[in-house]
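Because the structure is a prediction, the values reported are computed rather than measured. Chain letters run A, B, ... following the sequence lines, proteins first, then strands; residues in each count from 1. Side-chain atoms are counted along with the backbone in the values below, which use heavy atoms only and exclude waters and symmetry mates.
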Amino acid sequence: MRYWLMKSEPDAFSWGGLVAKGAAGEEWDGVRNYQARNMMREMGMGDRVFFYHSQSDKAVVGIAEVIATAHPDSTTDDPRWECVDVRAVAPLKQPVTLEMCKADPRLSEMALLKQARLSVQPVRPEEWAVICDMGGV
DNA sequence: GCCAACGTTGGC
DNA sequence: GCCAACGTTGGC
C-alpha cells in the first residue's frame, strides 16, 4: 500500500463533501496536469490519501482511500485525462497545517513544500506517520 | 489582491 | 527543439 496527498480548494470540493458521499466515494476529476495524472495512474486499490485543503485552510484535514484505479475522467472527452475514485476513511482529530509541516524538519523533503503547485503527490511512509501523529490518528 | 513558481502553448 | 508569452495555482 502506498501513500499520497491530494489537494482541493474547499470552495470547490471539500473534505465534508467527500464524507457526504459515504462509501460510494467520488471521482477525483478535473486534474489537467500530466505529473498529477501520472501519480494517479500509479495508485492501487486501498492506497491511503491525505485530503489537503488549499487556500483558506492550508491543512491536511482527513484520510481517504482509493476505491477505483485510474479510469477516464468523465468530465472531459479528452482521452489524456484520467482519475481515480476515493472515499473518506477518517478525519484528522487535529488538522495538520502547512505551517506545522514547514516547522518540522522531518517533513522538509515533502512534495507539499518543495512543489507547492502539484495537486497529487506521493507521501513517504515516514512522512505519513509523522502527520498522522500530529493529526491525532 | 498580488506575486512567485511553474506548466503549457505557439511561433520561429 | 528552443524560448517567449501566457495562464493557472497557491501562499501570503
Practice task
Apply salt bridge (charged side-chain N to carboxylate O under 4.0 Å, His left out) to Lys114(A) and list each qualifying residue two or more places apart in sequence or on a separate chain.
Solution key: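 Per chain and number, Lys114(A) pairs via salt bridge (charged side-chain N to carboxylate O under 4.0 Å, His left out) with Glu109(A).
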Exercise for the section: For DNA chain C, determine which residues of residues 27-38 of chain A have any heavy atom closer than 4.0 angstrom to one of its atoms, and list them numerically. Expected result: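 Those residues: none at all.
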Got a list of side-chain donor-acceptor pairs under 3.5 Å for residues 60-69 of chain A, not counting sequence neighbours?
from: Glu65(A); atom 1: OE2; to: Arg87(A); atom 2: NE; distance (Å): 2.9
from: Glu65(A); atom 1: OE2; to: Arg87(A); atom 2: NH2; distance (Å): 2.7

Problem - Worked check of side-chain contact (heavy atoms from CB on, under 4.5 Å) between Gln94(A) and Leu92(A) - result: CA-CA 5 Å; Gln94(A) 164 81 36; Leu92(A) 266 60; 5.8 Å; no
Practice task
Determine, for Arg41(A) against Glu82(A), whether the closest basic-nitrogen to carboxylate-oxygen distance falls under 4.0 angstrom.
Solution key: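 Counted as a salt bridge, because a side-chain N and a carboxylate O are separated by less than 4.0 Å.
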Practice task
Indicate yes or no: does Arg37(A) engage Asp73(A) in a salt bridge with an N to O separation below 4.0 Å.
Solution key: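 Salt bridge flag = no for Asp73(A) with Arg37(A).
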Practice task
Heavy atoms under 4.0 Å is the rule here; annotate nucleotides 4-12 of chain C 5' to 3' with B where the base is hit, S where only the sugar-phosphate is, and - elsewhere.
Solution key: ---BBBSSS
Practice task
Determine which pairs satisfy side chain to side chain donor-acceptor pair (under 3.5 Å) with at least one residue from residues 10-29 of chain A, sequence neighbours left out, and list them in order.
Solution key: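 Only Glu27(A)-Ser74(A) qualify under side chain to side chain donor-acceptor pair (under 3.5 Å).
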Problem - Within residues 101-137 of chain A or reaching into it, pairs that qualify as ring-ring contact (aromatic ring centres under 6.0 Å, His included) - sequence neighbours excluded - result: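 The answer is Tyr3(A)-Trp128(A), Phe50(A)-Trp128(A).
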